[in-house]
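Report on the following structure.
It should be emphasised that the depicted structure is a prediction, and the values quoted were computed from it without experimental measurement. We use all heavy atoms of the structure for the numbers below, so side chains are in, but hydrogens, waters and symmetry mates are not. Here, residue 1 is the first one in the sequence, and each next residue gets the next number.
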Amino acid sequence: MACQSVSAVMDEQALLGLNPNADAPYRQRLQALAYFEQLKESQGAWEVCADALAKGIYDVHVKFFCFQVLEHQIKFAQQQLIRETLMKWLQTQLMNAQPEKAFIRNKAAQVFALTFVMEYLTLWPKFFFDILNLVGLNPHGVDIYLRTLMAIDAEVVDRDIVHTSELQETRRNTLIKDSMREQCIPSLVESWFQILTAYQQTHPELTCQCLEVVGAYVSWIDLNLIANDRFVNLLLSQMSMEDLREEACDCLFEIVNKGMDPVDKTKLVESLCQVLQSAGFFNIEQEEDVDFLAKFSRLVNGMGQSLVLSWSKLVKSGNVKEATETLHAVEAKVPLLLQLLVHEDDDISTNMVGFCYDYLHVLKQQAVMLAVMKKLTYDDEYNFENEGEDEAMFVEYRKQLKMLLDRLAQVSPELLLEAVRRVFTSTMRRWQTAPFMEVEVAIRLLYMLGEALPASHGAHFSGDSAKTSALQDMMRTQLVSCGVSGYQHSSVSLEFFETVVRYDKFFIVEPQHIPNVLMAFLDQRGLRHSSPKVRSRVAYLFSRFIKTLKHMTAFIEDILTRIQDLLELAPPENGFLALLTSDDQLFMFEAAGVLIVSGESPVERKQVLMRSLLAPLTDAFRLLLTKLLQESVEEHQAALADCLSHAVGFARTSKAFSNKQTVKQCGCTEVYRDCLHSFLPALSCPVQRGALRSAVRSFLHRMIICLEEEVLPFIPAASEHMLKDCEAKDLQEFIPLISQITAKFKQIFMPLVLAIFEVLGRPAEENDQTAALEKQMLRRSYFAFIQTVAGSGMNEVLANQGAENIERVLFTIIQGAVEFPDPIAQKTCFIILTRLVELWGGKDGMVGFPDFTYKHIVPACFLAPLKPTFDLSDAQTVLTLSECALTLKMIHLKRGSEFIQFLQHEYLPSLQVTPEISQQELCQVLQQPDVKVLKNYMK
């Protein structure tokens with residue numbers, strides 16, 4: 001910067017024009033401004049101004065002018081000399097009888113602050129200590145010190161002042177604050193405490209200044225330096241001093257507004273409220289100072305809004321316990337809110353609008369929750385025994401309300417938990433006299449909490465202690481202990497058992513309640529309820545309950561005895577109306593199986609219990625099968641077959657076994673072998689074959705898993721029965737079982753294949769669309785079966801069938817790839833061929849397979865796409881073409897140049913393809929590493 005030197009003496013004549021109150025002509029004012037600008041740019045300007053300030057003889061306007069010049073020179077002058085000038089001026093202030101005008105002190109503080117910003121991190125780290133050591137407790141010096149602190153806040157911190165957005169300035173300000181926190185903030189705080197204590201009686205204006213400084217700095221310093229007993233007690237005492245109380249209120253407001261952890265904020269506000277209330281500040285009606293009340297209402301509003309904000313953050317983070325406590329804290333401030341809101345002074349009332357608005361938002365959520373709870377309630381006209389369209393509409397409406405409640409739970413889970421707890425607890429206390437709809441909806445709300453406040457794997461009784469404690473309390477002291485399970489209405493009964501099972505893990509935490517709940521399941525409240533709807537649902541819920549609480553050794557035999565009559569097979573002709581339907585009995589048998597298998601009884605005892613459970617079934621099965629063979633009325637045959645099918649299904653007790661608790665380990669192998677002996681003869685029954693075979697097939701699926709090799713002796717006879725006189729549909733349904741057997745034991749392959757060949761070879765009427773479709777589905781299932789055998793490590797099953805049988809199977813695959821216009825089956829066939837080429841097409845592959853490849857597989861790859869029915873506009877056909885290309889690619893991979901030679905010299909010439917095309921195009925494409933090239937070429 002080009003600066004010219006000026007005289008080191010102040011041009012007093014030129015400065016006369018600076019006084020706005022002087023009667024100076026316009027020209028003189030212009031001269032003064034020109035001199036001011038010249039002096040600002042001068043290299044020695046700071047010396048002139050420093051000398052002028054040191055003399056102290058000039059009027060305030062010249063002094064202000066001097067500080068403005070120094071402000072401009074800070075960046076360019078020698079910092080050491082600027083510091084000395086400022087400190088000398090400050091020293092003179094300590095000795096002056098009267099302080100400078102306020103605008104001079106403010107300008108000086110601004111220059112001090114700018115110097116601090118420029119030099120604190122580098123040249124003047126002891127800035128505050130130097131000033132404090134100089135001013136001590138001198139009122140004039142303290143005034144400049146406090147003004148300087150506010151000016152520094154404006155330069156470095158104040159968010160209301162627009163700073164440049166340069167990253168460099170932001171970094172600088174951050175470094176300054178960090179350095180201040182480390183080096184001097186505790187000393188500054190101590191100085192503030194000394195000033196507040198020393199001057200609260202003699203210099204209230206300085207005390208108010210200091211309170212303003214504390215309020216400004218508390219937002220970014222350690223709160224514990226301020227929010228402690230000595231500071232808070234001092235502030236409270238000053239709230240009782242007429243000259244200080246408003247500023248003390250503002251200071252507390254800034255403390256409350258400091259950003260912090262929501263739990264800590266709640267504790268801070270609550271401790272402050274407790275102290276304020278104890279000191280009598282909440283007695284609004286006794287306070288006559290309206291100006292103070294305006295400040296106090298602002299403080300109360302800040303505390304209320306801080307609590308609501310903390311509550312909102314805690315809700316979002318899922319901290320139910322702390323959120324509930326914070327909500328109680330908010331509600332405790334409502335009486336004070338209302339007192340200030342209705343105050344006759346509008347300023348006081350206006351200050352409470354923010355807290356009022358935020359609290360109404362909370363209340364709105366509560367009001368919506370209560371409205372939803374009310375609308376969930378059944379009305380008197382709901383027909384539980386004969387539910388029609390109106391009832392269906394209400395059930396659908398309930399689902400919508402549940403979704404709304406779930407959404408509310410996401411917004412504020414602790415509000416929902418508390419609201420449900422209130423409704424549930426009050427209702428359970430008077431359930432004997434309450435209408436059924438109130439009791440039902442109370443239990444329903446507890447049930448809905450399980451989804452509204454989700455837990456991993458239903459673990460509602462671990463984790464968040466507030467939620468866990470509330471749920472356990474509602475389950476323990478209310479639901480399972482108050483006797484509501486005996487309420488005489490089906491809706492309440494259903495809701496009771498639904499909720500017990502929803503929270504079944506509660507009984508793992510508190511197993512002492514299991515006996516009471518078991519009795520409710522087993523007596524007239526549950527499985528023997530007067531309502532078939534309740535009995536049916538409870539059978540399913542009982543099964544779920546038992547599966548969760550498997551280990552109930554002490555109750556097993558008692559439970560089995562109590563449900564024995566519910567497990568009896570009810571023949572259709574005895575006219576006896578069973579308590580449970582056959583479907584309900586399935587769940588009961590499953591539950592009984594889980595009880596036996598999961599119990600801690602010896603193996604011998606488990607075998608006895610399982611036999612006593614299943615022996616009545618097998619005995620009844622044999623009698624009913626004999627009766628079926630003698631029955632001539634088709635309707636009666638169907639009823640008997642249905643009963644027999646259910647008997648086989650009841651043996652799903654096998655679902656209770658696992659890898660850890662196998663049939664063999666539980667000593668139950670013989671029991672299930674006896675079941676097989678009883679059930680397999682049903683396969684040869686000439687009537688109702690579909691239903692019986694389906695049931696026995698399902699049982700065989702289970703036994704292959706449970707008995708493993710023990711089931712093998714039964715497979716030949718079972719296969720013989722199921723393959724004898726079978727239709728296409730029968731075979732199609734039998735293939736999955738054979739796939740399972742083949743995968744497990746590598747047996748029973750050709751009998752099935754031969755049976756399929758026989759069925760597919762039967763002539764069918766030309767217009768019989770049903771028969772044609774059944775054959776098509778059987779063909780697809782057959783090819784899928786071969787694909788499974790070839791593609792899942794069972795290829796030796798096929799390889800071991802003998803040359804003649806292998807050839808028969810291979811020809812069916814070639815036929816399926818070329819002859820039948822079914823792209824789904826064709827695609828499967830090419831997948832099989834690709835796999836077989838991969839397995840057997842190499843040099844070490846199956847003898848004779850390369851010859852089969854050239855004679856049959858290669859032609860199939862060309863003949864299939866040439867068929868008129870090969871429609872490339874069909875997506876499945878396009879996929880078939882891709883699989884065809886993969887087959888050719890696999891042949892090339894396995895046979896190499898030999899395959900290319902075969903195409904060039906033998907096969908392609910036989911198709912009358914020109915040598916140029918055969919040699920240059922197709923063969924080149926086949927040799928490309930990317931199979932997509934071949935796929936695109938074939939299209």
Under a 3.5 Å distance rule, please check whether [X] uses its side chain to pair with a backbone N or O of [Y] as donor and acceptor.
X: Lys402; Y: Leu376; answer: no
X: Thr377; Y: Lys374; answer: yes
X: Ser694; Y: Ala691; answer: no
X: Glu495; Y: Glu440; answer: no
X: Lys265; Y: Val256; answer: yes
X: Thr618; Y: Cys675; answer: no
X: Tyr503; Y: Gly450; answer: yes
X: Thr326; Y: Glu322; answer: yes
X: Ser598; Y: Leu595; answer: no
X: Arg528; Y: Asp523; answer: no

Indicate the atoms forming the closest heavy-atom contact of [X] with [Y], along with that distance.
X: Asn257; Y: Ser306; answer: OD1-OG, 4.0 Å
X: Gln607; Y: Cys668; answer: CA-SG, 4.3 Å
X: Ile546; Y: Ala591; answer: CG2-O, 3.7 Å
X: Ala434; Y: Tyr487; answer: O-OH, 2.7 Å
X: Gln339; Y: Phe282; answer: OE1-O, 4.0 Å
X: Thr425; Y: Gln478; answer: CG2-NE2, 3.8 Å

Phe436 and Tyr382: ring pair (Phe, Tyr, Trp, His ring centres under 6.0 Å), yes or no, with the steps? CA-CA 12 Å; Phe436 82 87; Tyr382 192 98; 8.7 Å; no

The test is ring pair (Phe, Tyr, Trp, His ring centres under 6.0 Å); show your working for Phe497 and Phe545 and say whether it passes. CA-CA 10 Å; Phe497 289 109; Phe545 187 74; 9.3 Å; no

CA sep, side-chain torsions, deciding dist, call: Leu416, Met448, side chain to side chain contact (heavy atoms under 4.5 Å, CB included): CA-CA 10 Å; Leu416 178 63; Met448 291 169 75; over 6 Å; no

Does the distance from a Lys or Arg side-chain N to an Asp or Glu carboxylate O, for [X] and [Y], drop under 4.0 Å?
X: Asp264; Y: Lys258; value: no
X: Glu418; Y: Arg422; value: yes
X: Asp504; Y: Lys547; value: no
X: Lys333; Y: Glu270; value: yes

Apply ring pair (Phe, Tyr, Trp, His ring centres under 6.0 Å) to residues Phe679 and Phe621 and explain how you reach the verdict. CA-CA 8 Å; Phe679 297 154; Phe621 185 90; 4.8 Å; yes

Side-chain contact test, heavy atoms from C-beta onward, threshold under 4.5 Å: evaluate it for [X] versus [Y] and give yes or no.
X: Leu445; Y: Leu405; answer: yes
X: Leu580; Y: Arg535; answer: yes
X: Leu541; Y: Arg537; answer: yes
X: Val501; Y: Phe521; answer: yes
X: Val500; Y: Phe506; answer: no
X: Leu567; Y: Leu613; answer: yes

Check against side-chain hydrogen bond (donor to acceptor under 3.5 Å, both in side chains), Ser645 and Asp642: CA-CA 5 Å; Ser645 298; Asp642 186 58; 5.6 Å; no

Quick one about [Y] and [X] (side-chain donor to acceptor, distance below 3.5 Å, no hydrogens or angles considered), yes or no?
X: His529; Y: Ser531; result: no
X: Thr561; Y: Asp558; result: no
X: Glu331; Y: Tyr359; result: no

Please test Gln585 against His646 for side chain to side chain contact (heavy atoms under 4.5 Å, CB included), starting from the C-alpha separation and ending with a verdict. CA-CA 9 Å; Gln585 284 181 300; His646 282 298; over 6 Å; no

With sequence neighbours excluded, residues passing side-chain hydrogen bond (donor to acceptor under 3.5 Å, both in side chains) with Gln564: none

